[in-house]
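Keep in mind the model is a prediction, meaning the values are calculated, not measured. Here is how names work: the chains are called A, B, and so on, in the same order as the sequence lines, proteins then strands, and each is numbered from 1.
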Amino acid sequence: MEVHRPQKRASSSDVVSNATIPLYLTAPPMEVRLEEFELFAIDRLRVLKAVSDGLARGKNPKEMDNLVDNSWKEHMTVPDVSEMFNKDIISHFVLRLVYCRSDELKKWFLSMETALFRHRFRLQKPESLKEKLRQVERSLGQNSPDIEPIYYKVPFEEVPDLVAGRRVFIQKGYAFVAGSQLVSLVVTQFRSHLSKALILTNRKWTTTIREREKDRLTPIVEGLSTSYLGPDYSQSNEYADISLKDIDQVAKSSFPLCMRHLFEKLREDHHLKHGGRMQLGLFLKGVGLKLDDALAFWRAEFTKKVGSERFDKEYAYSIRHNYGKEGKRTDYTPYACQKIISSAPGVGDHHGCPYRHFSEDNLRAALGRMGLSSRGMEDVMDKVRNKHYQLACTLTFEAVYGTSCDAGINHPNQYFEESQKILKSKTPTAPV
Amino acid sequence: MTREETENRGEDMVIDVPQTTNPKTKIENPDEFNVHYLRIYYGNMFPYTDIHKWLSYGHDGKHPGCDEYYFGRREFSFTLENDVYLRYKSFKNASAMEDAIKGSFPYKIDIGAVYSVDPDKRHAYAQTGTNVFTPVERELVFDIDITDYDDVRYCCSGADVCSRCWPLMTVAIKVIDTSLREDFGFKHILWVFSGRRGVHCWVCDAKARRLTNEQRSAVAEYFRVYKGNENNARKVALMGHSLHPFLARSYGDFLQKFFERDLQATQSIFSSKEKYEKILEMISDEDIQSELREKWENSARSSLSEEDISRTRWEQLKSTLQSKKQKSAFSLMNLKIPVLLSFNLVSNVPGSNAAEVSKQMNHLLKAPFCVHPKTGRVCVPIDPNNCDEFDPLAVPTLPQLIEEINSGGSKMDVDDDVSERNLLGRSIKFFRSSFLEPLLKSCKEEIESSYNTKIEKSKDSFSW
């Protein structure tokens, strides 16, 4: 395996900061166990998601350094150094496969990997080296106040971000890059290499790999980009246990906007199309609605429109199916935000993510009904405009319940549980 | 065209010309731009050969290193009468381009990027599934419009320009041209009058043509001092304690003098509340804002001229910023404000909307030597070294050019012999001598040297 390693291995106790950062120039020719193939990728994905979340929240470079440091330690660190190095490389190449498949995926992966690389590079702390060099100088009795600054003269095209911010001196086409700005130079190279590599990977994927691996890797690869990495909400837990009579009240107090909307539409029209039934039905299952209650709930509404005979014939099956009582008997899990956001509701559909799929006017009206102030609404709309739908939902949560939600909303059932936690702690005797 | 000798220089002469050229057509508004003038212009005056030579970048030669399909992969677009807009046109060579232009007399010709494949056949390639139709080369361009400076332009509005506000363009040309050459090291830069109220800049060095979108954005951002947009009050962006060399040079060499001498004289930018409020809004320190506002609102109407009031207030603004310096820790920055304010006002380059054309490879920009349909003026090159002398209102119009031909002032149809005495000839001559010839020389060198390297490489591989 050919991997470019930075020249110097710094030496301090901090594992993360000093682990070698590969440039991922060639794929590793080693054997990878199938389960590691997926597990490593999921771990890396967690780091990239954290990076994406941090950037979307507008964290400054220092905060991002910490975030990357912590997140890397949490998900990517294994005791053995060479194992860790392998995990880093394997997970990167697996995700290349996953994220080469569309322009949107490519773009996301490219920016997150570049950001990750940038902060890992920054974490290598050239300061400590400088301090050592200074120490040597002092030991030699030389009293220079500072190390001679080193500048790298490079074509200006290689440091576009420094040029854009006028953070370098440029003369006759050459930028003079200070040692401390070296990261820009390396990151640009990294980014352009990865960008080209993703195009090639895409070509290979569509021409050969997808077909050849259709029984083995393809399902894993295709599942990974939409996979949900949060806790499992398929089984209801202590907070989530609702019965039919409470459902209206709970919907008002604890449902996220997407589910409130479906719920209200169901009450209004006594009908929901398939997408809506799936999204709301699985959510209610996660919330703790038992199968019998669920059947009663849906029947009560649908019979007003289609009659009970048709309900039993056409709709009851799919509700039992959701609960794993029919067909393959798989116990289906509630949809996570990512799946909901990437759905494509058509005419007459009410599922999907309101922050993404509503018009601005409709969304404002809906948020108004949730009791958001105009100030809070602007914050939410700002996130929406920047396409950070989950953050918009998180801000709505924070505005409604008046507490911060640092973890961010990743799942409608998580929204529900967090909300129940808060409401229960406020009024311990209140019925759920 | 048959060249008619016309004795009388009367008013009706202009009307006569198109009729003698093409007796079937009737011209009702001879002073305006119309398709009949355009026929004559494209028929006899448009410098096809020069445009082809330019956009071939040496690849029209006989050298084995030439890419004979280079020109054919360039996108052109035509805007026809009635706003019919045709994109992705391409031409094999100069005569194909000439035929197409003479066949449709476009009101506007735009030049786009050089693509990986012939733009005209892009659909055929699209069938293959892989996305091979992508822009591969494009001049680095800037589109600067006088309306970018409306914050400090009180003599004209909208599309109008006059000799009082045109110098704003001139100073923008100087700032950008100097930086493109000194900082970025570009050599082959063409400035063109846009025909009405702005200028276009074409940076044609090989390196400039191959910049990625990200790198183009970086250059455009380098020139941009303020951040913000229509919805967002513009604030002068302040960082650090001293000025970037680019800003310092621009201010010292061009902006300060222009701002304090010319702009105050022509626009009196502080003389009324309406005017100075726009400037106060850019100062991020609210204390300073309100202090100055108070001072200026209460100043009694003196007998001073508008210009003097404006000058006095500028001095007050500078001294207020200076005095704040002693009080706060961050105040070193305030020293920079006059510099940045003036930069912001005088040279906010390029305008927020126009910036896109600089940042994206596949955007289009109007070709030099087109005729502006509203003014009838030809988009002639501007000499950046003598841009002070350029007068947009003296640029020849189609009727003038046609009058000149008919009065026997030129022999445009005889080969490509352009004369100094000819209105358009001067511009074509300037285009050739100061832009095209040096450009082609360096293109030739580049083609030869890259060919030689290729030969060397293949020799190396043979020797094994």
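Between B:Glu182 and A:Gln171, the closest side-chain pair of non-hydrogen atoms is not below 4.5 Å. Within the 4.5 Å cutoff, side-chain heavy atoms of B:Tyr222 are placed close to those of A:Ile170. Counting heavy atoms from C-beta outward, A:Phe169 and B:Asp183 have side chains that stay 4.5 Å or more apart. The shortest side-chain heavy-atom distance between A:Lys172 and B:Phe186 does not fall under the 4.5 Å cut-off.
When all heavy atoms of A:Glu157 and B:Gln215 are compared, the pair lying nearest together is O-NE2, 2.9 Å. Considering every non-hydrogen atom in both A:Pro160 and B:Ala218, the closest pair reads O-CB, 3.1 Å. Here the closest heavy-atom approach between residue A:Arg166 and residue B:Glu221 is recorded as NH1-O, 3.8 Å.
For A:Val168, the part lying under 4.5 angstrom from a heavy atom of chain B is the backbone only. With a 4.5 Å cut-off on non-hydrogen atoms, B:Arg181 touches chain A through its backbone but not through its side chain. If you measure heavy-atom distances from B:Lys187 to chain A, you find no contacts under 4.5 Å at all.
Contact count against chain B (heavy-atom pairs under 4.5 Å) is highest for A:Val163 among A:Asp161, A:Val163, A:Asn202. Chain A forms the most heavy-atom pairs under 4.5 Å with one residue out of B:Pro245, B:Ser179, B:Gly185, and that residue is B:Gly185.
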Atom pairs and distances, donor-acceptor, side-chain atoms in residues 439-449 of chain B, under 3.5 Å, two or more places apart:
from: B:Ser442; atom 1: OG; to: B:His188; atom 2: NE2; distance (Å): 3.0
from: B:Ser442; atom 1: OG; to: B:Leu439; atom 2: O; distance (Å): 3.1
from: B:Glu446; atom 1: OE2; to: B:Arg210; atom 2: NH1; distance (Å): 3.4
from: B:Glu446; atom 1: OE2; to: B:Arg210; atom 2: NH2; distance (Å): 3.4
from: B:Ser449; atom 1: OG; to: B:Glu446; atom 2: O; distance (Å): 3.3

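Around atom CZ of A:Arg375, no more than 12 heavy atoms belonging to other residues, nucleotides or ligands sit under 6.0 Å away.
With sequence neighbours left out, B:Asp67 forms a side chain to side chain contact (heavy atoms under 4.5 Å, CB included) with B:His59, B:Tyr69, B:Tyr70, B:Arg73.
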